[in-house]
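All remarks here apply to the structure that follows.
Letters A, B, ... are given to chains in the order of the sequence lines, protein chains preceding strands, and every chain is numbered from 1. The shown structure was predicted, so the numbers you read here are calculated from the model rather than taken from an experiment.
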Amino acid sequence: MAVIKKFLYVNRKAPHGSIFALESLEVVLIGAAFDQDVALAFIDDGVYQLMRNQDTSGIGTKNFSATYKALGDYDISKIYVEKESLDLRGLSKDNLMPLTWEDEDDDWAEKDSIQVVSSTELAEIIDNQDVIFSF
Amino acid sequence: MAVIKKFLYVNRKAPHGSIFALESLEVVLIGAAFDQDVALAFIDDGVYQLMRNQDTSGIGTKNFSATYKALGDYDISKIYVEKESLDLRGLSKDNLMPLTWEDEDDDWAEKDSIQVVSSTELAEIIDNQDVIFSF
Amino acid sequence: MKFGIMVSAGPYTHQASDTAYYFTEAALKNGHEIVRVFFYHDGVNNGTSLGVPPQDDRNITTRWSALAEKYDLDMVLCVAAAQRRGLLDENEAKRAGKDVSNMAAGFNISGLGQLIDAGIQADRLLVFGD
Amino acid sequence: MKFGIMVSAGPYTHQASDTAYYFTEAALKNGHEIVRVFFYHDGVNNGTSLGVPPQDDRNITTRWSALAEKYDLDMVLCVAAAQRRGLLDENEAKRAGKDVSNMAAGFNISGLGQLIDAGIQADRLLVFGD
Amino acid sequence: MTILHIINKSPFEKNSLDTCLRLAKRGSAILLIEDGIYAAQKNTAVGNKLAAAAATHSLYALAPDLDARGIGKDKIIDGISLVDYDGFVQLTTETSGVQSWL
Amino acid sequence: MTILHIINKSPFEKNSLDTCLRLAKRGSAILLIEDGIYAAQKNTAVGNKLAAAAATHSLYALAPDLDARGIGKDKIIDGISLVDYDGFVQLTTETSGVQSWL
């Protein structure tokens, strides 16, 4: 049987000012088909990717922020947001879009995908990965 | 007679890690033929462009640092280096390459091109420009 | 008023190229003159004829080309920056012994002197970049 | 040991593409295996056949091509990133109705699945970028 | 007349805003665009620094860039004026030159 | 075994080093490359921060990148080991994974 690896996508850049957030999301969606143990981390300006109420109509670019809400449908349920990054930016979880997944082992109960974690917790998570894609 | 404009080239990026320092220098050299009132400012990591003893043989890129020494031959004599940027990086003028020009109005005396200026002085200089190229 | 525009970032990768476009368009709509749009550094990649963005996205290159057509804009790619990054018009391709070129409509290749000249001619020069 | 390499920055503009090259070369010389070099974001620009750097500078693309030839390297450009930025092989060019392609020797175009696959196959995956 | 300073980088990621605040002459104008607009949010360490600069500089932010990033207009520092692309052009005509802190 | 953290950005321009120092687990390795090597110079605010990290992390710098930037080997923080590209490869085999703080 194939080994399942721990994949972490590290998102540290703000959306819209550069394409990294969008192109990172494209990797995540393709990667979801590979049945690995996937998690996403949002650190530094990466937390801005999850902001509510993004409206790109005035800058003429694609508003890909809605796509994050589809991650649960791709069985991506581990979304780590660093607390220190939120704090520094005057943000809390309430400023972020709600992201959920349905747990098939728990009668398809809808559960929260976002876990706000401390630096110490995140350091442990990062150190435990097999493959880290950085954006 | 054509109006002479004040041109300032603002260099804020370190050399070698990206191409901006090299491509900025290419503009400066071409621009020297246009008889404008030219000055260069080195701010933030831009001050690293002028470091002595750069040796790029190990990374296989062009060592363009010697070209700064030729600026005097192009009648570029106003090179401003922000003191605060040097201080923050633990550097002083002694760490920078000596850059000189020959003053034709003073019997071709060799003079220092580099002026280490305070933020306040540099703010005044920047505000007085007609054209600012930023790199 | 006369504006010179320098675009230092590639299309899609950084928003700078979008902002430069909207600024240029707004200036023209408000009756100002654009002396030149000069593409430098990765900005030269705005001039590729081979870009195929997704259907639901903007096409940055054809948008520039259309603006140039409408307002008779002078859009110049720096020759040295373009050669380094693989943007060639027919002349440059021939000179380099390449059998293809990839310059989009409305873009021209010229030297850095055109950037300096834009600075001299324009009342305001703006840099949009990364 | 098996390595996967992701290159996220364009040639010349950022040193990341040079570092990726030297790392890959050193790994090969030391007897390691390179599962794949995957070019993403502006990294796809490393694969252009039209780059003409100054005579006294390195040619980043031909250097990659030579390394691929010597070690039978698998070098892949992400198709979506490449289309957006104007990097097309003959098939992609034909499909997009373009009459020219600009893919250098040794580079192939494929999907993002090849990046994930590199992560799965390799013992170590490294990202070089801006 | 003084110049217009433009910031297009996040103040949490890069040093562009700090350098601009150090080198923008008293009385000059500062415009936040692209990822630079993240500086506009009040009640952060960065926002407080910028709020202090409102006493000595004219502050502007590009509204479509705020909207794109989901930063509500009620969340931004008092004293920042919002402009659209036409207003951006207008600003450059009212100042004597432009410096972009990339 | 812990992972290798790579920094390729100047700590004076970007926040990558700060974030790395916050998120690199005790005992892990940190390698400075490209413009990241400017962090290696001692007696600066950044250098002192990194010198403190030498007590809890293994620190490395890519020698050819130091040379390119004119940072003398006598100027760098005690406790940083220099590696060449072969040494860089070796480091990645001795650690359990790699995270690049771009």
Side-chain angles (χ1 to χ4, degrees), chain A residues 3-15 17-24 27 36-49 79-91 115-135, chain F residues 1-39 45-46 49-50 52-62 65 88-102:
Chain A
V3 177
I4 291 186
K5 285 192 170 185
K6 290 188 171 191
F7 272 58
L8 180 69
Y9 297 91
V10 172
N11 298 287
R12 288 183 55 239
K13 301 215 168 85
S18 63
I19 202 172
F20 298 100
L22 168 61
E23 289 193 333
S24 167
V27 182
Q36 304 295 310
D37 181 4
V38 171
L40 274 62
F42 292 88
I43 306 171
D44 293 338
D45 282 352
V47 302
Y48 286 130
Q49 295 179 27
I79 297 184
Y80 303 111
V81 176
E82 194 206 18
K83 183 172 187 305
E84 282 76 356
S85 297
L86 288 175
D87 288 349
L88 185 65
R89 289 161 184 79
L91 302 175
Q115 298 175 49
V116 176
V117 294
S118 70
S119 303
T120 312
E121 291 170 298
L122 189 54
E124 194 65 43
I125 290 164
I126 292 173
D127 206 77
N128 268 307
Q129 301 301 316
D130 296 309
V131 179
I132 306 176
F133 290 111
S134 318
F135 298 95
Chain F
M1 217 162 61
T2 59
I3 69 168
L4 174 67
H5 298 265
I6 302 178
I7 303 282
N8 75 335
K9 290 289 176 286
S10 164
F12 298 102
E13 183 192 31
K14 286 193 69 173
N15 65 350
S16 308
L17 179 70
D18 278 335
T19 302
C20 172
L21 292 178
R22 195 169 75 234
L23 293 174
K25 193 181 160 183
R26 200 183 169 89
S28 61
I30 299 174
L31 168 66
L32 309 174
I33 68 171
E34 299 171 13
D35 288 344
I37 67 96
Y38 290 117
V46 168
K49 228 184 306 186
L50 197 62
T56 46
H57 294 75
S58 312
L59 305 183
Y60 302 89
L62 195 58
D65 278 326
F88 181 0
V89 171
Q90 179 72 18
L91 262 181
T92 62
T93 66
E94 294 167 355
T95 45
S96 63
V98 181
Q99 154 64 359
S100 295
W101 298 96
L102 303 177

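- Options A:L8, A:D130, A:I125, A:V10 differ in how many heavy-atom pairs under 4.5 Å they form with chain F, and the most are formed by A:V10.
- Both the backbone and the side chain of F:S16 have a heavy atom closer than 4.5 Å to some heavy atom of chain A.
- Using a 4.5 Å cut-off between heavy atoms, A:I126 touches chain F through backbone and side chain atoms alike.
- Proximity to chain A involves both the backbone and the side chain of F:S100, based on heavy atoms less than 4.5 angstrom apart.
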(request) Test F:R22 against A:I43 for side chain to side chain contact (heavy atoms under 4.5 Å, CB included), laying out the working first. (result) CA-CA 11 Å; F:R22 195 169 75 234; A:I43 306 171; 4.0 Å; yes

(message) Could you go through A:Q129 and F:Q99, starting from their C-alpha distance and side-chain angles, then the distance that decides it, and tell me whether this counts as side chain to side chain contact (heavy atoms under 4.5 Å, CB included)?
(response) CA-CA 9 Å; A:Q129 301 301 316; F:Q99 154 64 359; over 6 Å; no

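- Within the model, atoms NE2 of F:H5 and CG of A:D127 stand 5.5 Å from one another, a figure rounded to the nearest 0.5 Å.
- Looking at F:N15 and A:R12, their side chains come closer than 4.5 Å, going by heavy atoms from C-beta outward.
- Counted within 6.0 Å of NZ on A:K83, heavy atoms from surrounding residues, nucleotides or ligands total 12 or fewer; the atom is thus considered open.
- A distance of 7.5 Å separates CG in A:D44 from CG in F:L23, rounded to the nearest 0.5 Å.
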